[in-house]
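Indexing begins at 1, ligand by ligand and atom by atom, following the structure's order.
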Amino acid sequence: MSDTFYGSDFDALESFDPEIAGVLVSELDRLRGGLQLIASENMSSPAVLTSLGSTLSNKYAEGYPGRRYYGGCSEVDKAETLAIDRAKALFGADHANVQPHSGASANQAVYGAFMKPGETLLAMSLPHGGHLTHGSKVSFSGKWFNAVHYGVDKETENIDYAEVERLAKEHRPKVILAGGSAIPRLIDFEFFRRVADEVGAIFWVDAAHFIGLVAGKAIPSPVPHADVVSFTTHKVLRGPRSGAIVCTEEHRAAIDKAVFPMMQGGPQMHTIAAKATNFKECATPEYQTYAAQVVANAKVLAETLAEKGIRPTTGGTDTHLSLHDLQPVDVTGADAEARCDAAGITLNKNAIPFDPQKPSVASGIRVGTPCVTTQGMGEDEMRTIGGLIARAVVEGDADPDHPVSKAVRAEVTDLVTRFPAYAR
Ligand code: DSN
């Protein structure tokens with residue numbers, strides 16, 4: 001079965017283009033050499049990466065399986081059909097479209113399916129945990145649609161459900177959207193469904209962040225409640241960098257037409273094959289154990305940071321991520337990110353609700369456990385990591401030669417040596 005052209009051929013790249021080969025090597029070294037705590041990242045399997053580096057990348061296949069605008073699609077049709085069938089089974093969905101190139105492309109297609117320019121969307125505000133594509137003024141979604149935003153309650157820091165209902169009744173939106181990129185708590189999908197029904201709106205869930213936890217049965221699914229669920233495939237889900245949409249039978253045609261030909265051209269068949277493999281991985285008991293561990297780890301990491309004075313918004317997390325307010329330790333998000341980076345810990349600064357700082361500085365950090373859990377780390381290691389983050393943030397420096405950066409980095413090295421990424 002061995003033929004280098006089934007998958008990637010590193011030797012060929014290295015001999016022709018040593019500069020780019022060097023980037024591949026040093027990026028793998030970077031992944032292996034530090035702690036990856038960006039909540040939206042993960043480490044997909046060698047099986048998934050193999051399809052991404054395959055000859056399926058060459059094929060034009062505009063259309064859908066059995067209905068293409070190009071010849072020669074017999075093999076890629078098999079890959080897409082497998083991906084569709086596996087996504088439907090994994091999420092219990094009537095229909096799946098696996099062609100979106102990314103989360104933003106998937107979201108664009110949902111707009112295309114349900115909204116005309118100028119119509120009203122009700123979604124979570126970006127500074128309170130939403131997403132650029134949920135009607136931010138700098139995104140197509142905020143430029144083309146009338147976006148009305150709900151936020152979080154000042155006391156609980158959780159979604160202000162009373163505000164959702166009030167705004168829905170006041171603005172009668174065409175679409176109500178739940179989901180975002182910095183929401184640590186479970187979302188009450190039944191509530192959104194009821195409100196959407198009361199005002200005659202489409203109920204859309206952008207599940208990009210937490211769909212992997214749904215696939216692993218670690219948290220409740222939005223699929224039985226929503227008209228349409230868009231998501232990325234590379235976060236907790238651990239697939240290739242891409243997107244997908246599942247929806248009810250009623251919306252199948254609208255979604256398919258919106259993905260192609262309205263928003264996209266040729267689908268990326270290598271990525272679709274990788275999504276099929278990823279959906280198969282997610283249906284295994286091992287993946288369910290992983291998803292549960294991601295949540296258990298996130299809870300312990302949030303608790304440990306809280307004990308060190310780095311306050312989790314909403315008091316903790318139910319998911320794979322927590323959002324922390326650094327004002328009690330008098331450090332900005334930007335400084336915390338730089339100090340952690342110098343100590344071998346990759347995480348991101350993040351606005352917290354009602355943040356007095358501008359987004360490029362921010363008062364918070366967001367931490368997530370998908371990567372470290374993939375590496376096999378558990379709750380004990382999360383206590384260690386919480387202590388290391390706190391030390392780097394409170395006592396550390398952006399200079400990698402600072403004694404605290406060096407001391408924390410030594411402990412990071414010990415951890416990643418015991419729990420290697422992409423173990424050899
Ligand atoms: N950039 C992603 C995240 O980090 O959450 C969302 O698009």
- Message: Assess whether a salt bridge exists between Glu27 and Arg30, defined as any Lys/Arg side-chain N lying under 4.0 Å from an Asp/Glu carboxylate O.
- Response: yes

- Do the side chain of Arg409 and the main chain of Pro400 share a donor and acceptor less than 3.5 angstrom apart? yes

- Message: At less than 4.0 angstrom from any non-hydrogen atom of His209, what atoms of ligand 1 do you find?
- Response: 3 (C), 5 (O)

- Is Arg366 near ligand 1, meaning one of its heavy atoms is under 4.0 Å from it? yes

- Message: Determine whether the aromatic ring centres of residues Phe114 and His251 are separated by less than 6.0 angstrom.
- Response: yes

- Are any of the side-chain nitrogens in Glu165 or Arg194 under 4.0 Å away from the carboxylate oxygens of its partner? yes

- Just which atoms of ligand 1 are under 4.0 Å from any heavy atom in Ser181? 5 (O)

- Proximal atoms of ligand 1 relative to His131 (non-hydrogen, under 4.0 Å): 6 (C), 7 (O)

- Any salt bridge between Arg383 and Glu379, counting N to O under 4.0 Å? no

- Note on the structure: Restricting to heavy atoms, the pick from Ala39, Ser40, Gly180 nearest atom 3 (C) of ligand 1 would be Ser40

